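This is a predicted model, so every value here is computed, not measured.
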Amino acid sequence: MTVDDWLRQARLTPLEARILIAHALQWSRVELVTRSQDHLNDTQVHAIETLFRRRESGEPIAYITGHREFHGLDFELTPAVLIPRPETELLVELANARLPVGGNAIDLGTGSGAVAVALAHLRSDAQITATDISFEALQVAQRNAARHHCKVHFICGDWYHGIDGSFDLIVSNPPYIARGDPHLTQGDLRFEPLGALTDKADGLRDISTIIAGAPLHLKAGGWLLLEHGFDQAVAVRRLLTNGLWTDVTSWRDLAGLERVSGACLQQR
Ligand code: GLN
């Protein structure tokens, strides 16, 4: 068998098949082309078969290869962390625009560290802290910070647990899928950590906890930015409408969906 034979008979899309073959053989994209007629040995055939079988049973490509690009950076991933989504890049852009020069920010529930590391990579002037309740996730996040030479201070804990001091910016992509949502049992989500996807309540429980605690941990004039589900913007803005916040706003992702909401803590 050659790579070309595999590509012809694969039940995957050509792109997925190429990614998996390159990963199985540890070949570059260029080698995939220049060596497409090489005769593969048994070990190589077995390696490709194993990865194809995993993909055919639904496992996400990002977990099979252990990598995903986010905000132009390569992130290591394990099944202990959510796979970074392109729409979450909006959260990074909004955070970058609102973080004052030399300021400090905290990313709550950092998972792979995608948001915290992307922000730290853009802003070497700022101090970035990131938390997660999952120690396993923090280990992945720590490796991602090291991979991109970013200084991020990591804390293991539940939302604000163990957080001292006040920040110019709080950012979070919390679990916001409601318990029992059919998406949880479909596609890639079946393989992702449930605790990163759903709050096991109405989808607004963790978002409410983060909003309720934010005034205690934000400087006056500081911003809170939250990613949420495509149909949650109105509810999130309502949670921010309690006299403590100004500039309550939602922003649309590239698909045109209101994906991030936030507000500025009133000057006292
Ligand atoms: N955006 C993810 C999805 O809908 C969910 C991530 C999250 O809950 N923060 O697949």
Side-chain angles (χ1 to χ4, degrees), residues 6-7 10-24 47-92 107-118 130 132-134 136-141 143-144 147 172-207 226-232 252-260:
W6 275 105
L7 286 172
R11 275 176 292 166
L12 308 171
T13 68
L15 178 64
E16 289 190 339
R18 274 196 197 91
I19 292 171
L20 293 180
I21 293 170
H23 188 69
I48 295 173
E49 264 171 0
T50 306
L51 299 197
F52 275 24
R53 221 173 290 130
R54 284 170 66 184
R55 180 62 193 138
E56 281 162 14
S57 66
E59 192 172 341
I61 291 270
Y63 287 151
I64 300 177
T65 63
H67 291 269
R68 173 58 44 95
E69 191 200 295
F70 176 79
H71 211 271
L73 301 174
D74 177 57
F75 281 87
E76 177 201 323
L77 300 178
T78 74
V81 300
L82 194 80
I83 301 166
R85 311 286 204 262
E87 56 268 30
T88 305
E89 294 182 358
L90 173 63
L91 197 57
V92 176
D107 175 23
L108 301 174
T110 196
S112 65
V115 171
V117 172
D132 207 285
I133 196 169
S134 159
E136 262 184 294
L138 280 183
Q139 290 178 310
V140 177
R143 290 198 292 272
N144 280 321
R147 164 185 290 257
S172 183
N173 174 18
Y176 51 69
I177 301 177
R179 177 186 53 216
D181 186 309
H183 291 103
L184 293 169
T185 53
Q186 293 168 13
D188 285 6
L189 274 64
R190 291 171 295 162
F191 293 82
E192 297 190 288
L194 202 59
L197 292 166
T198 175
D199 58 6
K200 303 185 176 80
D202 62 352
L204 289 168
R205 192 180 64 176
D206 289 332
I207 286 177
L226 293 170
E227 179 174 322
H228 51 69
F230 70 96
D231 56 355
Q232 291 174 323
R252 291 178 194 276
D253 63 19
L254 289 174
L257 304 168
E258 287 185 315
R259 178 60 64 189
V260 174

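Contact of the Asp181 side chain with the Thr198 side chain is not registered, since no non-hydrogen atoms from C-beta on lie closer than 4.5 Å. Using a 4.5 Å heavy-atom threshold, the side chains of Thr78 and Glu136 count as separate. Within the 4.5 Å cutoff, the side chain of Ile177 has heavy atoms near those of the Leu189 side chain. In this structure the side chain of Phe230 reaches within 4.5 angstrom of the side chain of Arg259, judged on heavy atoms. Contact annotation: the side chain of Pro84 approaches that of Leu77 to within less than 4.5 Å [non-hydrogen atoms, C-beta and beyond]. Leu12 has its side chain within reach of Glu56: a pair of non-hydrogen atoms, C-beta onward, lies under 4.5 Å apart. Side-chain contact check for Leu7 versus Ile21: some heavy-atom pair is nearer than 4.5 Å.
Scanning for side chain to side chain donor-acceptor pair (under 3.5 Å) contacts around Glu227 gives Thr88, Tyr176, with sequence neighbours left out. With sequence neighbours left out, the salt bridge (Lys or Arg N to Asp or Glu O under 4.0 Å) criterion links Glu59 to Arg54. Looking at residues two or more places apart in sequence or on another chain, you find no salt bridge (Lys or Arg N to Asp or Glu O under 4.0 Å) involving Glu69. For Arg53, the side chain to side chain donor-acceptor pair (under 3.5 Å) criterion is met by no residue, not counting sequence neighbours. In this structure, the ring pair (Phe, Tyr, Trp, His ring centres under 6.0 Å) partners of Phe52, at least two apart in sequence or on a different chain, are Trp6.
To the nearest 0.5 Å, atom CG of residue Leu138 and atom CG of residue Asn144 are 11.5 Å apart. Atom-to-atom distance recorded for Leu257:CG and His228:NE2 is 10.5 Å, nearest 0.5 angstrom. Taken to the nearest 0.5 Å, the CG atom of Leu226 stands 8.5 Å off from the CG atom of Leu108. The distance from the CZ atom of Arg68 to the CG atom of Leu82 is 11.0 Å, given to the nearest 0.5 Å. Atoms CD1 and NE2, on Ile64 and His23 in that order, are 8.5 Å from each other to the nearest 0.5 Å.
Of all heavy-atom pairs between Val260 and Leu90, the closest is CG2-CD2, 3.8 Å. Residues Asp132 and Gly109 approach most closely at OD2-C, 3.3 Å, considering heavy atoms. The heavy-atom pair separating Asp188 from Gly58 by the smallest distance is OD1-O, 4.3 Å. Across Phe70 and Val115, no two heavy atoms sit closer than the pair CE2-N, 4.2 Å. Listed here is the closest heavy atom pair of Ala178 and Leu184: O-CD1, 3.7 Å. Among all heavy-atom pairs drawn from Pro60 and Ile83, the shortest one is CB-CD1, 3.5 Å.
Proximity of a side-chain donor or acceptor of Glu76 to a complementary backbone N or O of Arg143 within less than 3.5 Å is not detected. Remark: the backbone N or O of Ile61 is paired with a side-chain donor or acceptor of Thr65 at under 3.5 angstrom. Formation of a donor-acceptor pair under 3.5 Å by the Asp107 side chain with backbone atoms of Ala130 is not found in this model. With Ser112 contributing its side chain and Val81 its backbone, the two residues share no donor-acceptor pair below 3.5 Å.
The stretch residues 191-205 participates, sequence neighbours left out, in these salt bridge (Lys or Arg N to Asp or Glu O under 4.0 Å) pairs: Arg85-Glu192.
Counting non-hydrogen atoms of neighbouring residues, nucleotides and ligands closer than 6.0 angstrom, the NE2 atom of His67 exceeds 12 such neighbours.
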